[in-house]
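Below, all heavy atoms of this structure are taken into account, side chains as well, without hydrogens, waters or symmetry copies. Each ligand, and each atom within it, is numbered from 1 in the order the structure gives.
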Amino acid sequence: MLSQQTIDIIKSTVPVLEAKGTDITKHFYKRLFDHHPELLNIFNHANQAQGRQQTALANTLYAAAQYVDQLEVLVPAVTQISHKHRSLGVKKEHYPIVGHHLLASMEEVLGDSATEEIIGAWGEAYHVISQIFIDVEDGMYQHSEGQPGGWKGFKPFTIVRKVEESALITSFYLKPKEGMKLPAFSSGQYVTIQVKPEEDKYTSNRQYSLSDASGKDYLRISVKKEDKGKVSNYLHNHANIGDEISLSAPAGNFVLNTDSASPVVLLSGGVGITPLMSMFNDMAENNHTREVTFVHACKNEQVHAFKKDAIASIEAMPNATLKVKYEETEGLLTKEDLEGIITKDADFYICGPMLFMKAVISGLVELGVEEEKIHFEFFGPALSFDQV
Ligand code: HEM
């Protein structure tokens, strides 16, 4: 446990971290990769270029500083980050490396204001915080390895089908190369895909939601082609049937609660449909009388993925409804739209771009939906502790 004195010192540095947090983490990443270029095989280079990961780490440190004497507050956020760490293969021996370069960066950026006392307190706090991550991740590694069909690290898969779901989204059906059985996963989870285009020095990793229900002899991801998306373009343009691709075991805690009988409202924007499609298929196959409202918002019909599949399943489900809104002709999803679909005691699962998520979540809260009924995931690094 941390001493009261250490906690007080950490708390007193919160204003400095607020002001300089991003400078420190930017400096830290440069320093880390100068000394350990091999870690570029793990980190998302696009997130680095956009400064998004810097912000995520800065915010986490800031939050950790605030809650350092109530570590239980950190647990839900740690769990989500640890799922991502586990799916990327972050190991316990990486933590001291990160800690060393982080503290050195604090000293270098803060200069004289980084007293020995402050650096000492942060060293102690980093040790405690990183141990929480290491323990949670250790449990996750044991779980993913221990369950039937589970595995550790990355395994080779073969692309067995490639299906265009819309003008922008293509599905890839992936079967394990070594003929192993696949583990059961919870609908809503994602996998990390690892690719290394020939011209690249380092591997690139990206998380993609599994878009079909568990229990098949394949895993399916559905990838949106992004304008400058390195991995999405590689997959769309160069990855073909018969090609090999590496995957880590399913991860993530944005999952459908299959123990509950409550009505479900699935709300997706654009490619955010992918994890919700997995949840929807899960209910269609395993609990087809559950009350489900599937709401999807996207630009227009050309980019509306899984349209036929969703309609076919809805028709076969006695208590399911589908509502689609095309932005170009009908505008964005409004509070009035939400009012029309709120079902008493329902659980809401939401996934989509940031602005969509903000509008939907605040709309639901204003309409009186309890926060614990609202479950969400957005893509990209979480930008603050409040969001994880
Ligand atoms: C992602 C915090 C240690 C590698 C993240 C995220 C946060 C975070 C907040 C974003 C999560 C999200 O996307 O939802 C921390 C904290 C650490 C720590 C507080 C120490 C206590 C490490 C270590 C490594 C690592 C030791 C490995 C060397 C990564 C990677 C990502 C990530 C690769 C994915 C984002 C990307 O690729 O840019 N971490 N982390 N982290 N972390 Fe950590």
Side-chain angles (χ1 to χ4, degrees), residues 10 17 21-22 24-26 28-29 31-33 35-68 71 73-103 105-106 122-138 140-141 153-154 189-195 202-209 230-231 248 251-254 275 351 354 357 376-388:
I10 294 286
L17 265 184
T22 306
I24 296 169
T25 45
K26 260 191 189 150
F28 153 73
Y29 278 113
R31 201 180 201 284
L32 180 71
F33 297 139
H35 287 81
H36 289 275
E38 75 284 0
L39 291 179
L40 286 165
N41 285 311
I42 304 183
F43 282 88
N44 178 336
H45 317 159
N47 283 348
Q48 299 305 316
Q50 292 163 7
R52 286 162 70 182
Q53 182 58 24
Q54 284 90 327
T55 318
L57 186 59
N59 282 326
T60 311
L61 288 175
Y62 165 55
Q66 273 189 316
Y67 295 113
V68 78
L71 291 176
V73 176
L74 300 177
V75 167
V78 169
T79 306
Q80 174 170 334
I81 298 165
S82 289
H83 268 286
K84 190 163 273 184
H85 282 166
R86 200 285 291 147
S87 88
L88 281 156
V90 171
K91 300 198 173 71
K92 59 170 163 257
E93 51 270 30
H94 290 138
Y95 280 87
I97 298 174
V98 163
H100 169 75
H101 290 286
L102 199 56
L103 292 178
S105 302
M106 278 182 168
W122 267 103
E124 234 184 283
Y126 179 84
H127 182 72
V128 171
I129 293 165
S130 59
Q131 197 54 49
I132 298 173
F133 278 89
I134 290 169
D135 290 344
V136 171
E137 285 157 27
D138 197 37
M140 288 177 175
Y141 277 114
F154 287 86
Q189 289 196 301
Y190 58 81
V191 286
T192 293
I193 298 283
Q194 185 169 75
V195 297
Y202 301 107
T203 54
S204 287
N205 305 294
R206 292 292 182 281
Q207 285 75 41
Y208 292 108
S209 297
K230 183 182 179 121
V231 176
S248 66
N253 56 351
F254 171 63
C351 188
M354 187 81 86
M357 306 280 298
F376 60 92
E377 178 161 272
F378 53 93
F379 297 132
L383 296 180
S384 97
F385 237 62
D386 298 343
Q387 294 169 338
V388 286

Q) More than 12 foreign heavy atoms under 6.0 Å from NE2 of H36: is that the case here? A)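 Count over threshold, so yes.
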
(Q) For atom 41 (N) of ligand 1, tell me which residue out of H83, H127, H85 has the closest non-hydrogen atom. (A)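 Among H83, H127, H85, the closest heavy atom to atom 41 (N) of ligand 1 comes from H85.
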
Taking 4.0 angstrom as the limit and counting only heavy atoms of [X], give me the atoms of ligand 1 inside it, by number and element.
{"X": "H94", "result": "26 (C), 27 (C), 28 (C)"}
{"X": "Q80", "result": "14 (O)"}
{"X": "L88", "result": "30 (C), 31 (C), 33 (C), 34 (C)"}
{"X": "Y126", "result": "20 (C), 21 (C)"}
{"X": "V98", "result": "23 (C), 26 (C), 28 (C)"}

Close side-chain approach of [X] and [Y], heavy atoms under 4.5 Å:
{"X": "T203", "Y": "F154", "result": "no"}
{"X": "I97", "Y": "H101", "result": "yes"}
{"X": "M140", "Y": "T79", "result": "yes"}

Q: Let me know which of R86, H85, K91, K92 forms a side-chain hydrogen bond (donor to acceptor under 3.5 Å, both in side chains) with E137.
A: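 That would be H85.
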
Q. Counting only heavy atoms, which portion of V90 has something under 4.0 Å from ligand 1: side chain, backbone, both, or neither?
A.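 Only the side chain of V90 comes within reach of ligand 1.
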
Q.
Restricting to salt bridge (charged side-chain N to carboxylate O under 4.0 Å, His left out), what partner residues turn up for K230, sequence neighbours left out?
A.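 So K230 forms a salt bridge (charged side-chain N to carboxylate O under 4.0 Å, His left out) with D200.
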
**Q.** Partners passing side chain to side chain contact (heavy atoms under 4.5 Å, CB included) against D135 (at least two apart in sequence or in another chain)
**A.**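 Q131.
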
(Q) If you measure every N or O of K84 against every N or O of ligand 1, does any of those distances drop under 3.5 Å? (A)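 Between K84 and ligand 1, an N or O pair is found under 3.5 Å apart.
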
Q) Do ligand 1 and Y95 have nitrogen or oxygen atoms that lie under 3.5 Å from each other? A)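 Not met; the criterion fails.
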
